[in-house]
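Step one of this worksheet: look at the structure below.
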There are 2 protein chains.
Amino acid sequence: MMGFPSARREATRLCNELQDYAGKVLEMGRSDRRKVIFAAKMGLALAVVSLLLFWVDLFPELSQYAIWAILTVVVMFEFSIGATLIKGFNRGLGTIFAGAIAFGFAKLATLSGPWEKVVIVASIFIIGLVAAYLKLYPTMLPYEYGFRVFVMTYCILMVAGNRSRDYTEAIVTRLVLIAVGAGVCFLVNTCIYPIWAGDDLHRLVVRNFRDAAASLEGCVNGYLNCFEYPSRSRIVTYEAFDHDPLHTAYKSVLESTNREQTLLGFAIWEPPHGRYKVFNYPWRNYVKLSGALRHCVFMVMALHGCILSEIQAPPEQRWVFASELERVGVEGARVLRELGDKVEKMEKLSPLDILQDVHEAAQQLQKRIIDQKSQLLMSSSSSEKQQPKELEDSQKLCRGEDEDKRETVVDVDSSAKSEASAQLWSSFIAGATKVEEDELKKWGCHQSASALSLATFASLLIEFVARLQHVVRSFQELSDKANFKNP
Amino acid sequence: MMGFPSARREATRLCNELQDYAGKVLEMGRSDRRKVIFAAKMGLALAVVSLLLFWVDLFPELSQYAIWAILTVVVMFEFSIGATLIKGFNRGLGTIFAGAIAFGFAKLATLSGPWEKVVIVASIFIIGLVAAYLKLYPTMLPYEYGFRVFVMTYCILMVAGNRSRDYTEAIVTRLVLIAVGAGVCFLVNTCIYPIWAGDDLHRLVVRNFRDAAASLEGCVNGYLNCFEYPSRSRIVTYEAFDHDPLHTAYKSVLESTNREQTLLGFAIWEPPHGRYKVFNYPWRNYVKLSGALRHCVFMVMALHGCILSEIQAPPEQRWVFASELERVGVEGARVLRELGDKVEKMEKLSPLDILQDVHEAAQQLQKRIIDQKSQLLMSSSSSEKQQPKELEDSQKLCRGEDEDKRETVVDVDSSAKSEASAQLWSSFIAGATKVEEDELKKWGCHQSASALSLATFASLLIEFVARLQHVVRSFQELSDKANFKNP
């Protein structure tokens, strides 16, 4: 009786967990109807095959091979049409090869009289060895499943043929049943609410553009707001970031490579459908566009690296270039979003240069950096006394999160501001020298590197803009090849 | 007769290609014996199973289910022990669940008399639907294969049981044959030259360290030698780099995530073996260590980005910090190689601080940057007349590839050199201002940003060093948990 309440508590907990899980599973179907439809199609295909098998039951010599039809459906039925076609192709090829080779070895086995079983076992050993070895060759990877089918079919045909004393019958009946399974699978999957891998690939590329835009904005804002991660040491493993939207956004772009390749592999097998009306639709160009985008996103990752960095520029330095940095971020994100929309709507670019604004913004950022330097040269003996107040100001400024305040501070009398920033720049250049003696002895302090960190951020951002033109070029290539409509 | 020579040529070409391919395939086996052994084991397992089936042939009621044993071997036989165990687990679980549920529905079907077949088809539809739906839930992904087995087994048991009028017999005979196949598979795979996923994971982590070291050195040298890629526009797609050893080295580290996760998934299933003598061996820490290393390699990628960048620092600027940059690169690579060796030999770190030298090198790089700045402030009106000669010198220096010459040039009279570099730094700061008016108007020129590019390179390198300590910390955690021996 002692353990009763605790057992009951345990049971309640288990119940709650199961309820939670069931809720999440149902939610999955609610958020993506296609998953429910796919599952229903799978059930339907199996039901149809088993009905057919009951009907075939009238011919007993066929029905004991029922397993072949069911096996084919279970193995071939995939989420997208392209994947089903590839599986079917593998299955067909593997089966036909196995049938042909089995036919040859069967002749040999029947000719060898008392050694028949020895020949069969030896042939199975050799076929198994060769297939398992070839399967490991890298370019054979897409046909891995075909090799499995081949080996399995070969072995079973030989064993079963030997038992029933009729290799030809063994081979033909199985081929027929596999064809039945494949036919049902293909009909159900294409005729009822087809799910295309091409659609998924298209959507994935669009989502990558949006994620890239969001993460760029997030990085620039995070840097200017001096966002700090609570525990910087956790960055060594990725898991720590799973709930950081900024990180997940660019990570999903970077990690979509595999998924893109998989979807591309399926999409090129799919016949023209929906909005993709030509044979040899340029799916590869979608992946290429996404690759060019990823090349930009590497820069976003490097920008994020500046936020995570061990070595940080102090807030007051960051704010010297605040409005310029922000503008580049905003314009860059706008370009990415516009390109994403164009891909989604399958529209060509308008004749206006989409990059003009972002290039202007980047130019201004450059100009501002140069201004700072020349001011420094002119006023290299700038007054030391103002520093404490200025510093305090900029620290306040950095902490202030509301847009209004930021606007005002940035737009204050520019002469006063430029003086302040000239001074900041001078501390950026000269400041480190003062602390050199005592501070540089211990590694903990990265005074000079911290000043460099701001320069790094700016130059990475400029590099990001430079790389944008490759994205635009890739988009133009895609829009030409895929015959996007004019806007 | 016209087409004869061309057909012959075609045949010769095909022959040559086949020969090439065969050569490559044989080469694969020569470079990794394990692949040949794996293939031979697979052949052996199939031969053993078919021998068993011939023996079982004496019991005709069993032998028609031969397919189950062969299917099990073909599907379960994987390269590593861990993968075989997981497949076996999935297969077992799927089969047992399917058997249990089939048992229940079989009772229901026999009770429903004339509606028996309707109950069977309906149950197949429902089971297929539910399994296909649950399979799509993300956390269910590792059990995907188990779901397939479950659905297939259930369907076949119901159809076959209905045909033979004996559900229990149908279920039991199949379970026995699956057990036979799984047993053979497991015995052959573990008893003859076992291939462990854990070993592969261990080796992969070691290789990652070496690749990271090589790519770091390659980046620093490439930057200092002003290596330029022939066509910079091709960088937008990765394929263009497939033959660049520098890129492949860090890319293989960055892209090993998936492989690590796969191997980890297999390794944690493997019993203690060889050098890994405890249960619950900390395989996860190997992956964690590799994750920390990858965090460093992101910096190497960013360094490579500086080489590929649209915006380049002129050679003479790069050479100001040549010896410091080079030393950080060499010391960083040394640390990585040493850690890689320690992981390979499973040795703890010696009590000396492994990072001391690389930290000193990074400190010197910082110090040098600061020196440059202070010199600039002292001699901001540096003589313009020397510039052409100095520039020419440093350009020569940059082109010279031989180590000797480089040594000499770096070690020339330091006062002359520091003057030269002070001047370079001044051009780095002031130079951009002069061209501002006419050059900044068109976007093509990135004068100021190009000066920043060098600062970016240095600060990325310093950040790389800062991140090294996470790698060392991860290594210490691993060496404690895995009980590495003392050196």
Side-chain angles (χ1 to χ4, degrees), chain A residues 25 28 35 39-40 42-43 46-47 50-51 53-54 63 66-67 70-71 74 117 121 124-125 128-129 132-133 136-137 148 151-152 155-156 159 163 236-237 288 291-292 295 302 309-311 359 366 369-370 373-374 377 429-430 432-433 436 443 448-449 452-453 455-456 459 462-463 466 470, chain B residues 25 28 35 39-40 42-43 46-47 50-51 53-54 63 66-67 70-71 74 117 121 124-125 128-129 132-133 136-137 148 151-152 155-156 159 163 236-237 288 291-292 295 302 309-311 359 366 369-370 373-374 377 429-430 432-433 436 443 448-449 452-453 455-456 459 462-463 466 470:
Chain A
V25 167
M28 175 182 80
K35 293 189 174 169
M42 175 94 185
L46 285 170
S50 55
L51 266 181
L53 289 174
F54 284 136
S63 64
I67 182 173
I70 291 176
L71 189 65
V74 169
K117 286 188 182 173
V121 172
I124 286 179
F125 176 75
L129 189 152
Y133 184 71
L136 292 175
Y137 194 70
R148 275 192 208 274
V151 171
M152 189 189 70
C155 293
I156 292 169
V159 171
R163 189 164 51 83
V236 286
T237 48
K288 214 171 148 191
H295 211 67
S309 171
E310 302 279 309
I311 303 155
H359 277 180
Q366 284 193 306
I369 293 170
I370 295 162
K373 287 178 190 160
S374 49
L377 288 178
I429 298 286
T433 339
E436 193 189 338
W443 168 252
S448 138
L452 278 182
S453 152
T456 305
S459 97
I462 290 170
E463 177 69 22
H470 293 299
Chain B
V25 167
M28 174 181 81
K35 293 189 175 169
M42 174 95 185
L46 286 170
S50 55
L51 267 179
L53 290 175
F54 284 136
S63 64
I67 183 173
I70 291 176
L71 188 66
V74 169
K117 286 188 181 172
V121 171
I124 285 178
F125 176 76
L129 189 152
Y133 183 72
L136 293 175
Y137 193 72
R148 275 193 208 274
V151 171
M152 189 190 71
C155 294
I156 292 170
V159 171
R163 188 164 52 83
V236 285
T237 48
K288 213 171 149 191
H295 212 68
S309 170
E310 304 278 309
I311 303 154
H359 277 181
Q366 285 192 306
I369 294 171
I370 294 162
K373 286 176 187 160
S374 49
L377 287 178
I429 297 288
T433 339
E436 192 189 337
W443 168 254
S448 135
L452 276 183
S453 153
T456 306
S459 97
I462 290 169
E463 176 70 21
H470 293 299

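Every chain is numbered from 1 and lettered A, B, ... according to where its sequence line falls, protein lines coming before strand lines. Just the heavy atoms: all of them, side chains too, but no hydrogens, waters or symmetry mates, feed the values below. These numbers come from a predicted model, not from an experiment.
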Heaviest contributor of heavy-atom pairs below 4.5 Å to chain B, chosen from A:Leu136, A:Leu46, A:Leu71, is A:Leu136
Ranking B:Val151, B:Val121, B:Leu129 by heavy-atom pairs under 4.5 Å to chain A gives rank one to B:Leu129
Heavy-atom closest contact (A:Val159 atom, B:Ser50 atom, distance):
CG2-CB, 4.0 Å
With sequence neighbours left out, what residues match A:Tyr133 under side chain to side chain contact (heavy atoms under 4.5 Å, CB included)?
B:Val25, B:Met28, B:Lys35, B:Val36, B:Ala39
For the student: nearest non-hydrogen atoms of A:Met152 and B:Ile70, plus distance:
O-CG2, 4.3 Å
What one should report as the nearest heavy-atom pair of A:Phe125 and B:Ala47 is CB-CB, 4.1 Å
